[in-house]
Protein chains: 2
Amino acid sequence: MLSKKTKYGLKALTYIAKSEGDNPVQISEISKSENIPQKFLESIMLTLRKSGFLGSKKGKHGGYYLIKEPAQIKMADVMRVLEGPIAMVPCVSLNFYEKCDDCPDEHECSVHKLMIQVRDNTLKVLRNNTLEDLSGS
Amino acid sequence: MLSKKTKYGLKALTYIAKSEGDNPVQISEISKSENIPQKFLESIMLTLRKSGFLGSKKGKHGGYYLIKEPAQIKMADVMRVLEGPIAMVPCVSLNFYEKCDDCPDEHECSVHKLMIQVRDNTLKVLRNNTLEDLSGS
DNA sequence: CATTAATCCTATCGATTTAATAGGGATTAC
DNA sequence: GTAATCCCTATTAAATCGATAGGATTAATG
């Protein structure tokens, strides 16, 4: 299941990418337009800023803006920050690898084999899609 | 994240598929061999039986056996029973569709578009792989 | 028929995670 | 100096997950 956090984060990024002009976009505006609880969205935006996807401007008329071009923002990277590992089991994760407690040898593990395939195909999609793809028409 | 329930369930099915002969396989044996808590495995086997993947024999020398050929058991079907929907959001689920609370129009939703692609690719993998593929060498 | 070994079934528990809220601090435009 | 806005930490309520408990039922076997 995709968490609400990730879902809201992706929607917010898309909203900012779509909003033309150089003015920063306010949380309150995104919150109203996308039906996202404002306080919850606040913490998500903070995460996205701290991980280098967004810049912010404080005070009146402040808000958030993209730091990179939408075409440079890969969904795989956003997902890793908001949702965590893309792999369904830690033992097939590229960025968050962990050995399983059970499983003496993961190369013999049937689940391992299957989940590598799932990971590879999911990654393919998430690497091919950028924020530009999400916000385009 | 794949739940332990699903992971254990897949391992147990693989174990039974690999164990040749017509004798039913006991929970205690699978539990020891695959490092799965026995009581937990019990409830998983029950689920798999009730959903038509396994048959059982009660009493002494009882146990579980496959009802269908391994090649006929698609991972997509097993996953749906143990893990629930394959889609990451209910609004792109084929078997468990639900409208989102937010989202006035899901055809306009950027997350929706992305998650359909993820679902399609995951499904492709899970439909192509059968229990025979998992248990083969 | 008694014993043993197995599945069957329901309930419960503790830990973790999730989604959301609360409450204020810091900064900037005007 | 006031209002608007981001910044930050803490807390909470509910749900889920992994596991355990405790027995009821069934069947093989001597």
Side-chain angles (χ1 to χ4, degrees), chain A residues 1-12 16 22-32 34-51 53-67 81-85 88-90 96 98 100-102, chain B residues 1-12 16 22-32 34-51 53-67 81-85 88-90 96 98 100-102:
Chain A
M1 263 303 195
L2 197 74
S3 65
K4 298 256 180 183
K5 182 177 169 191
T6 304
K7 188 184 177 190
Y8 292 161
L10 290 175
K11 280 189 162 189
I16 296 178
D22 287 341
N23 295 327
V25 184
Q26 285 116 39
I27 286 174
S28 59
E29 182 187 340
I30 303 174
S31 159
K32 273 173 210 152
E34 300 292 326
N35 301 305
I36 302 172
Q38 177 156 345
K39 275 295 203 178
F40 193 13
L41 183 56
E42 250 186 65
S43 70
I44 297 167
M45 300 303 269
L46 224 41
T47 304
L48 288 172
R49 197 213 61 196
K50 287 181 179 168
S51 48
F53 294 104
L54 294 176
S56 69
K57 184 163 177 271
K58 288 185 199 170
K60 203 166 184 178
H61 298 174
Y64 287 94
Y65 51 89
L66 293 175
I67 285 188
V81 163
L82 293 176
E83 190 75 5
M88 295 190 80
V89 279
F96 302 84
E98 267 181 59
C100 296
D101 293 340
D102 45 325
Chain B
M1 265 304 197
L2 196 74
S3 65
K4 298 260 181 181
K5 182 177 168 190
T6 303
K7 189 184 177 191
Y8 293 161
L10 290 176
K11 281 187 161 192
I16 296 178
D22 285 342
N23 295 328
V25 183
Q26 284 119 37
I27 286 174
S28 59
E29 182 186 340
I30 303 174
S31 159
K32 274 173 209 153
E34 300 292 325
N35 300 305
I36 302 171
Q38 176 156 347
K39 274 297 205 177
F40 193 11
L41 184 56
E42 248 185 66
S43 71
I44 297 168
M45 300 301 272
L46 223 41
T47 304
L48 288 172
R49 197 212 61 195
K50 285 183 180 168
S51 49
F53 295 103
L54 294 175
S56 68
K57 183 163 177 272
K58 288 187 201 169
K60 203 167 184 179
H61 299 172
Y64 289 93
Y65 50 89
L66 293 175
I67 287 188
V81 162
L82 293 176
E83 190 76 6
M88 296 190 76
V89 279
F96 301 84
E98 264 181 60
C100 297
D101 294 339
D102 46 324

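As the structure is a computational prediction, the values presented were derived from the model and not from experiment. Computation of the quantities below employed the complete heavy-atom set of this structure, encompassing side-chain atoms and omitting hydrogens, waters and symmetry-equivalent molecules. Order of the sequence lines fixes the chain letters, A, B, ..., with proteins taken first and strands second; residue numbering starts at 1 for each chain.
Here the shortest heavy-atom pairing between Lys57(A) and Tyr65(A) reads N-CE2, 4.2 Å. Here the closest heavy-atom approach between residue Lys5(A) and residue Ile44(A) is recorded as O-CD1, 3.7 Å.
OP1 or OP2 of dC7(D) sits under 4.0 Å from a side-chain N or O of Tyr64(A). Between Arg49(B) and dC8(C) there is a side-chain N or O to OP1 or OP2 distance below 4.0 Å. A sub-4.0 Å separation between OP1 or OP2 of dA5(C) and a side-chain N or O of Ser28(B) is absent.
In this structure, the CG atom of Leu48(B) is 12 Å from the P atom of dC8(C), given to the nearest Å. Look at CD1 on Ile44(A): it is 16 Å from P on dC8(D), rounded to the nearest Å. As rounded to whole Å, 12 Å separates atom P of dC6(D) from atom OH of Tyr65(A). One can place CE of Met1(A) at 10 Å from P of dC17(D), the figure rounded to the nearest angstrom. Taking atom CD of Gln26(B) as the reference point, atom C1' of dT7(C) lies 10 Å away to the nearest angstrom. The CG atom of Leu46(B) sits 19 Å away from the P atom of dG23(D) (whole-angstrom rounding). Taking atom CE of Met88(A) as the reference point, atom P of dC17(D) lies 12 Å away to the nearest angstrom.
Under 3.5 Å, the side chains of Glu83(A) and Ser3(A) contain a donor-acceptor pair of N or O atoms.
Considering Leu46(A), Leu66(A), Ile67(A) as possible partners of Leu54(A), the one that fulfils the side chain to side chain contact (heavy atoms under 4.5 Å, CB included) test is Leu66(A).
To the nearest 0.5 Å, the span separating OG on Ser56(A) from CE on Met45(A) amounts to 9.5 Å. Rounding to the nearest 0.5 angstrom, the gap separating the CD1 atom in Ile36(B) from the NZ atom in Lys7(B) is 9.0 Å.
Within 4.0 Å (heavy atoms only), Lys50(A) reaches sugar-phosphate atoms of the nucleic acid but no base atom.
Judged by distance alone, the side chain of Ser31(A) and the main-chain N or O of Pro37(A) form no donor-acceptor pair under 3.5 Å.
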- Where protein sits on nucleotides 18-30 of chain C, one letter per nucleotide: B base, S sugar-phosphate only, - none, heavy atoms under 4.0 Å: -SSBBBB--BBBS
